[in-house]
Amino acid sequence: MSRIEPGKRAMTEQSYDFTALETKWRDFWDKHGVNKTPHPAPGDKTFYVLDMFPYPSGAGLHVGHPVGYLATDIVARYKKMAGYTVLHPMGWDSFGLPAERYAERTGVHPAVSTEKNIETYKRQMRLLGLGYDWSREIATSKPDYYKWTQFIFTRLYNAFYDAEAGRARPIDALDIPDDVKAAGKLAVQEYQDERRLVYYETAPVNWCPELGTILANEEVFDGKSEQGYEVVRVPLRQVKMRITAYAERLIADLDGLDWPEGIKESQRNWIGKSEGVTLSFPVAGTDHRIETFTTRVDTLGGVTFLALAPEHPLAAEFADADHRAEVEAYIEAAARKSDLDRTVDAEKTGVFTGAEAENPVTGKRVKIFVADYVLPDYGTGAVMGVPAHDVRDFAFATKYRLDIVPVIDPGADHPDRAAVLAGEQCWTEDGVMLAPPGDSSLYQAGVRWRDAREAVADHLEAKGLGHRVTSYNLRDWIFARQRYWGEPIPIVHWEDGTRTTLPEDQLPLTLPHIDSYKPTGHAESPLARAEDWLEVTDPQTGMKGRRETSTMPQWAGSCWYYLRFKDPRNDNALVDPEIENAWGSVDLYVGGAEHATLHLLYARFWHKVLFDLGFVSTKEPFQKLVNQGLLTSHAFKNERGITLPVDEVEERAEGEFIHTPTGETVEKIGAKMSKSLHNVVTPDDVVARFGADAFRVHMMFMGPVEAMREWETDRTASALKFLRRVWRFVTGVLDSPAGEDAKTVRLARTKLVLAITEDLDNLRLNTGVAELMKFLNAAEGEAISKETLEVFIRVLAPFAPFMAEELWERAGGQPSVFYADWPEADAAELEAAIDTVEVVIQEGGKRRGAVELAPDADDETLRAAALALLDGQGKPVTGVPLERVIVVRDKKTGRVKLVNVPKLG
RNA sequence: GCGGGCGUGGCGGAAUUGGUAGACGCACCGGACUUAAAAUCCGUUGGGAGGCGACUCCCGUGCCGGUUCAAGUCCGGCCGCCCGCACCA
């Protein structure tokens, strides 16, 4: 007999000590490899559920991160019990700027700080009971992983898009015209480079000389860096990926995906497909022609000027002596502007070049301008100005007093008609054509503009003056970064001007050690300092070469990581084709919506290339996508709208908050968790107070996974309260189980299993928790069989895995509970057990009462019962046509639900 | 400007293809147990009116209208909020 020491609380069989219990089962799972997933065997039902893997930051996880991780964990555990072979891995998107900045300041190698951060993340994930198969862990910054990132890069580099076949093919399959061959190997290289999926191009970037680095558009404000240093747009030679070749397929294949409509729409928008016509305007007095792109070729008659982007190759070409200096100054000034300064709100500006172009249809001469509202990389970088029917052209024409010539009539009864026809107002809506200027055979006055558009396009194509094209907003992907902590780009530039990728057997090309992570001060990454690494000599020919110093962008590793998880230790292939095929696409992918047009687009692009090159068996990587909602914390706001940290505010009275330093009354608001607001909550804190199971249950019960919500740690107490009830309930029944269930319990159990299974299949985890609570409400204090108890423990298990394991073991089950089968329930059995149901009687849709009847009562009985009830309430029921009395039965079960009588009297 | 989403009690949120609005929980209030507190348990709670009473009636899902035997759900028009993308010719 054990003796309880004075002052110590008795640790009875009945107490729920979550800390000890959760420690026990964490160790058990690790020791017995419970979460390990084998390669699928033939005939296995497979399920691949994936989280967007995190960048392991120094701060560790806060409570917002696991929203998605918990949802996928619950689904993975459920699917496993339901008989699927489940892949549910985790890894690290571990290349990135924060680790490099940290290294700049401290000299600590990014690999070292990253490794430490990963340990923290793993410890926290283990704490929460996330059942990842850690034997499949990968990190994008490790050579055995980025070897294959580099491998894929070289395959993309050595491929071209065969527009006729509609797919990528190896560059060797590209036919080289004889004249190109004859011109030598550099000519051949140039010919291939124009078609490769990876290519070099000189493109304008935001270059900050003071910081010695390129900045993203988002990092440039009013032409200055965040620190106030000047930023210029300079053309730099960049590695790019030809994602635009896949624009059409990236749009088309969205249709088959089970993704949130908003994300699909974002991608469609980003790719920005539009159908139009390119046509060329001859420049008067020269041999040049200016190509323009328009979606509204019907307005060709209204062209009163042409405008070229400052970056247009011909922008400075036509300026005559009087205008040259002004044009060059304008182009120079435009180059200094950031994209931000050239946005919508900015005033339209431009300069006249002194040259004129001729309208190919009307023969009319129009002035040629250079204007920075014209984007260099959309369409042809030149627009035909139609001020009467385009708001931007209208603003420009008004400013420079150019003609405004309407060609579309708003319609006889439109109030703005006179102003539009007088050229005083811009008209962009529907209308019919005015008589065509010049060639009157083009179209008739009065035809709809859409018809005129086709007629003019036909005419231009027939005359060879233009052709229909599809244009996209999507730009090719600038793939080079001047940073250290990324995958080295495995390209060597040889002294004879040729360029090759590293042979695949020499991969990985690992990062060299360098002495300083600081920027180089010119447009090269710190890798340029590693001279031993940089300079190479071909052992066969003795030719010298220099490695590419740029590294890949952070998105590279995440473009294919979901494939590597299938076969993470394979040294001979990025993934074994059979294993790749056995798992197929990711069945459920959960992560934040911020990746809509970044990671999710890039990964789809790489996947399609890999599909074309025969590495994967599916067209798309992620079949179903769910965006988890943002979890916010709170902060306070004073009357001037300033956000204040939580630890500077006290609650004086109920709902009354005082800012301690100033004494002012402040308002409680929802706010993102951030260091500066001191409102970051870590899962460690919550688990220590309430346990991991309570954290899981509470987080899932808060609301739908997709919804945004506000975190309040104290509220976790209600989940703990529920779990304590579960504990008392189950241990109580185990002490004295009934031989048979009470009838209500038997029904409640069947309902529970049916409902929770459906909820899990549809990722409705909040109502799933509610089902567990409902069952408990129904079953407490009733006679419960051991069998029913075991059913309950099993459906509890995905949500509260630690407690479920413990209870399962105490109930005599063989651990782990996750080896047990998911319980089944028979809906028909449930129906058969129901003797009577409450039938609601309505009059005109309003509830008037209810009667107890057999679930399969016939219409006649039901109608009579309804009328009898209403008659009893003194309603005039005589003469009600029976066919207008509606009987409603449950569509699934056939059980009668309600009877509606039309409004009486 | 364009696109996507959302408006339900004091709060988080439930409500199959239209069929009992407010499941489940939080908070509040009342009660039980306790010397007391904590914990636990029981009960009440959308608003209003009536009845001693188990109850009855009216109103109610952002606003206005429509379709229907029946509307939170469908249709049309507004209002408000959130999130993307934005000189894309």
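Not measured: the values here are computed from a predicted model. Basis for what follows: all heavy atoms, side chains included, without hydrogens, waters or symmetry-related copies.
Among the protein residues, A:P260 comes within range of no part of the nucleic acid, since none of its heavy atoms lies under 4.0 Å from any strand. Across all strands, A:R725 comes closer than 4.0 Å only to sugar-phosphate atoms, never to a base (heavy-atom distances). No contact: A:V885 has no heavy atom under 4.0 Å from any strand. Nucleic acid contact class of A:N900 (heavy atoms, under 4.0 Å, all strands): base. Nucleic acid contact for A:R884: sugar-phosphate only, since backbone atoms but no base atoms lie under 4.0 Å from a heavy atom of the residue. Using a 4.0 Å heavy-atom cutoff across all strands shown, A:K721 reaches sugar-phosphate atoms only and no base atom. Nucleic acid contact class of A:T597 (heavy atoms, under 4.0 Å, all strands): none. Among the atoms of the strands shown, only primed sugar atoms or phosphate atoms (P, OP1, OP2) are found under 4.0 Å from some heavy atom of A:R848. In this structure, A:G844 reaches the sugar-phosphate backbone alone: every heavy-atom distance under 4.0 Å involves primed, P, OP1 or OP2 atoms, never a base.
Remark: P of B:rU20 and CD1 of A:I886 are 15 Å apart, rounded to the nearest angstrom. Distance CD (A:E843) to P (B:rG19): 20 Å, rounded to an integer number of Å. Atom CD of A:E594 and atom P of B:rC85 are 11 Å apart (whole Å). Atom C1' of nucleotide B:rA21 and atom CG of A:L898 are separated by 14 Å, given to the nearest angstrom. In this structure, CG of A:N762 is placed 11 Å from P of B:rA15, rounded to the nearest angstrom. In this structure, NZ of A:K897 is placed 10 Å from C1' of B:rA15, rounded to the nearest angstrom. Separating the CD atom of A:E265 from the P atom of B:rG4 is a distance of 6 Å, rounded to the nearest angstrom. One interatomic measurement links the two molecules: CG of A:L631 to C1' of B:rG12, which rounds to 13 Å at whole-angstrom precision.
Comparing A:E758 and A:G262 along RNA chain B, the residue whose closest nucleotide (by nearest heavy atom) sits nearer the 5' end is A:G262. With RNA chain B read from its 5' end, the first of the two nearest nucleotides for A:E838 and A:R296 is the one closest to A:E838.
Salt bridge A:E771/A:K751: absent, no basic N to carboxylate O contact under 4.0 Å. Remark: A:R715 does not engage A:E710 in a salt bridge, criterion side-chain N to carboxylate O under 4.0 Å. Salt bridge annotation for A:R453-A:D298: absent, with no cationic side-chain nitrogen under 4.0 angstrom from a carboxylate oxygen. Ion pair A:D856/A:R889 not flagged as a salt bridge, since none of the NZ, NE, NH1 or NH2 atoms sits closer than 4.0 Å to an Asp/Glu carboxylate oxygen. Between A:K264 and A:D258 there is no salt bridge, since none of the side-chain N atoms of the basic residue sits less than 4.0 Å from a carboxylate O of the acidic one. Classification of A:R689 and A:D714 as a salt-bridged pair holds, one side-chain N sitting under 4.0 Å from a carboxylate O.
Nearest to the side chain of A:T294, among B:rA15, B:rA14, B:rA89, sits B:rA89. Side-chain atoms of A:R728 lie closest to B:rU40 of the nucleotides B:rA89, B:rG13, B:rU40. When distances run from any side-chain atom of A:Q842 to the nucleotides B:rA89, B:rU20, B:rG84, the shortest one goes to B:rU20. Which of B:rU20, B:rA89, B:rG13 sits closest to the side chain of A:R847 comes down to B:rU20. Checking B:rU20, B:rC24, B:rG3 against the side-chain heavy atoms of A:V840 singles out B:rU20 as nearest. The side chain of A:W270 has B:rC85 as its nearest neighbour among B:rC85, B:rG25, B:rA23. When each of B:rA23, B:rC26, B:rA15 is scored by its nearest atom to the side-chain atoms of A:S718, the top-ranked nucleotide is B:rC26. The nucleotide whose nearest atom lies closest to any side-chain atom of A:N777 is, among B:rU16, B:rG19, B:rG25, B:rG25. Checking B:rA14, B:rC69, B:rC24 against the side-chain heavy atoms of A:F701 singles out B:rC24 as nearest. Listed candidates were B:rG19, B:rC26, B:rA23. Nearest to the side chain of A:T767 is B:rA23.
Rounded to the nearest Å, the gap between the P atom of B:rA15 and that of B:rC42 is 26 Å. B:rG4 and B:rC57 have their P atoms separated by 44 Å, with the value rounded to a whole Å. B:rG31 sits 47 Å from B:rG80 when the P atoms are compared, rounded to a whole Å. The C1' atoms of B:rG5 and B:rA89 are separated by 29 Å, rounded to the nearest whole Å. Comparing B:rG47 with B:rA23, their P atoms sit 13 Å apart, to the nearest whole Å. Between B:rA32 and B:rC74, the two P atoms lie 49 Å apart (nearest whole Å). For B:rU17 and B:rA71, the C1' atoms lie 15 Å apart once the distance is rounded to whole Å. B:rC6 and B:rG13 are spaced 14 Å apart, taking the P atom of each and rounding to whole Å.
For the residue pair A:R725 and A:N777, a side-chain donor N or O sits within less than 3.5 Å of a side-chain acceptor on the partner. Side-chain contact annotation: A:T731 with A:Y16, donor-acceptor N/O pair under 3.5 Å absent. Looking only at atom types and distance, the side chain of A:W270 has no donor-acceptor partner in the side chain of A:N473 under 3.5 Å away. A:Y400 and A:T349 share no side-chain donor-acceptor pair at under 3.5 Å.
Under the 4.5 Å side-chain criterion, counting only non-hydrogen atoms from C-beta, A:K672 is not in contact with A:S633.
In RNA chain B, runs of at least 3 consecutive Watson-Crick or G-U pairs, each pair with both distances below 3.5 Å, span B:1-7 with B:79-85, B:10-12 with B:24-26, B:29-32 with B:40-43, B:46-50 with B:55-59, B:62-66 with B:74-78.
Taking the O4'-C1'-N9-C4 or O4'-C1'-N1-C2 dihedral as appropriate, B:rG22 has a value more than 90° from 0 and is therefore anti.
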